[in-house]
Amino acid sequence: MWAIGRALDDEDALRRAWRDASPFPHLVLDDFVPAEALDPLLEVLDEEPLEPYAADIYTFEASRPEPRTPGVATIRDSFADAVTPRLSRITGRSVRRADMRVYAYEAGHYLLPHSDHQEGVGRALAYALYLPSPSPPTGGELELFRCELAAGELVRAESAALVEPRPNRLVVFEVGDASLHQVREVLSGVRISLSGWLYP
Amino acid sequence: MTVTPEAWAAMRLPAAVVPAAIGGPLSAAVRARLEGAGYTRCERIDRASYDALDPVEEPELLDALVTLAVSVTGRDLSVRAARVMRLRPGDYALVRHDHVHEDRPIEIVLDLSEARVPGAEVHYRHRGQVFFVAPSAPGSLSIVERGPTVLCNHTYVSRRPPARTALRLVALLG
């Protein structure tokens with residue numbers, strides 16, 4: 001079963017932090033997984049094969065969209081069971097289901113600016129849990145942009161927040177037309193995360 | 001040159017590279033003139049990020065490139081449009097920044113970069129799949145038929161050392 005620490009305990013404070021976050025609703029939660037639960041989690045994730053993925057907007061290594069090992073499928077489902085009731089209350093977005101992939105960004109890997117929003121897919125919240133790396137990364141920050149849209153098209157954007165990929169840090173943000181973000185190029189080391197979306 | 005008009009006509013998705021289309025001294029002279037002409041920043045970060053120069057006032061160079069493209073493709077060609085794209089570290093142009101061309105024009109990409117930029121390429125895609133890579137090879141000329149299923153992207157230019165700049169003259173011929 002997924003173990004969460006006390007990071008989601010103070011729901012009133014987190015609701016305020018979510019609402020007040022700029023440039024769009026997001027939370028950054030450190031020490032998310034209790035220390036004693038982290039090594040067993042990493043052992044399970046170590047078994048999941050990663051493959052290279054590349055497109056015009058990204059290059060990285062990741063596990064397949066559907067886990068190949070039962071351990072990761074169990075982690076995904078228990079993560080959803082553990083966090084969705086609380087995140088639904090905190091964010092006001094009703095979520096129940098999660099998908100989950102393991103990502104490894106090595107030096108030169110990146111994910112260019114995009115919103116995650118796709119009509120009809122149902123992504124409500126995006127999340128990333130940064131994991132300890134054998135070679136801690138430089139670069140690889142999550143960058144959030146404040147943007148101005150007109151008729152659904154981006155007309156202006158400016159960098160508004162940077163989230164360092166610190167080990168055992170969970171970042172959650174709202175998915176919408178204006179949730180423009182990117183993963184900056186990893187300049188050295190490896191950035192490892194467990195990421196996906198939460199759905200109604 | 002390895003591609004003849006006959007070979008070109010036989011390709012399902014015609015594309016070729018002429019490795020040393022122009023020499024280093026000419027490339028350096030063109031770079032200096034372009035620098036003087038001044039670039040405009042194109043920054044729509046969900047699509048592209050680069051410096052642009054349009055139009056390109058290099059008639060002799062363009063004439064020479066058209067002659068080269070004619071000798072490869074066997075088609076009667078002239079310049080419809082030309083621009084220079086300067087991609088600095090961190091820059092890119094995604095597929096969604098590109099346009100579909102219905103009438104099969106020829107696109108040429110002249111690499112005017114001072115030095116090879118590792119990983120900085122132009123990817124030509126047929127229904128999303130890369131079928132031709134315009135390499136980072138200073139002096140090279142890539143020639144591609146832009147059929148209605150073809151789109152391209154300019155790959156992200158790395159910020160890691162040596163963090164070089166890619167400079168490309170891109171022209172549409174028809």
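Every chain is numbered from 1, with letters handed out A, B, ... down the list of sequences. Being a predicted model, the structure only gives us computed values, none of them experimental.
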Those residues of residues 90-108 of chain A that come under 4.5 Å of chain B on a heavy-atom basis, listed by number, are A107(A), G108(A)

Would you indicate whether [X], at its atom [atom1], is surrounded by more than 12 heavy atoms from other residues, nucleotides or ligands within a distance under 6.0 Å?
X       : atom1 : result
E148(A) : CD    : yes
D76(B)  : CG    : no
E51(A)  : CD    : yes
R96(B)  : CZ    : yes

Under 4.5 Å heavy-atom distance to chain A, tell me which part of Y156(B) shows up: side chain, backbone, both or neither.
both

Chain A contacts: which residues in residues 37-52 of chain B have a non-hydrogen atom closer than 4.5 Å to it?
R44(B), I45(B), D46(B), R47(B)

Using heavy-atom distances under 4.5 Å, tell me whether [X] contacts chain B through its side chain, its backbone, both, or neither.
X       : answer
Q182(A) : neither
L154(A) : both
V155(A) : neither
L187(A) : both

Would [X] and [Y] show up in the same hydrophobic cluster when neighbours are defined by side-chain heavy atoms closer than 4.5 Å?
X       : Y       : value
V121(A) : L198(A) : no
L172(B) : L77(B)  : no
V17(B)  : Y124(B) : yes
W18(A)  : F24(A)  : no
I4(A)   : L129(A) : yes

Would you please name every residue forming a salt bridge (Lys or Arg N to Asp or Glu O under 4.0 Å) with D103(B), sequence neighbours left out?
R80(B)

Rounded to the nearest 0.5 Å, the CG atom of L94(B) sits from the OH atom of Y58(A) at a distance of 12.0 Å

Output a table of donor-acceptor pairs, distance under 3.5 Å, between side-chain atoms of residues 18-35 of chain B and any protein atom two or more places apart or on a different chain; print 'none' if there are none.
from	atom 1	to	atom 2	distance (Å)
S27(B)	OG	R31(B)	NH1	3.2
R31(B)	NH1	L112(B)	O	2.9
R33(B)	NE	E58(B)	OE1	3.4
R33(B)	NE	E58(B)	OE2	2.9
R33(B)	NH2	E58(B)	OE1	2.8
E35(B)	OE1	R86(B)	NH1	3.1
E35(B)	OE2	R86(B)	NH1	3.2

Are any side-chain N or O atoms of D56(A) and backbone N or O atoms of V95(B), one a donor and one an acceptor, separated by less than 3.5 Å?
yes

For the backbone of G90(B) and the side chain of E185(A), can you confirm whether one donor and one acceptor N or O come within less than 3.5 Å of each other?
no

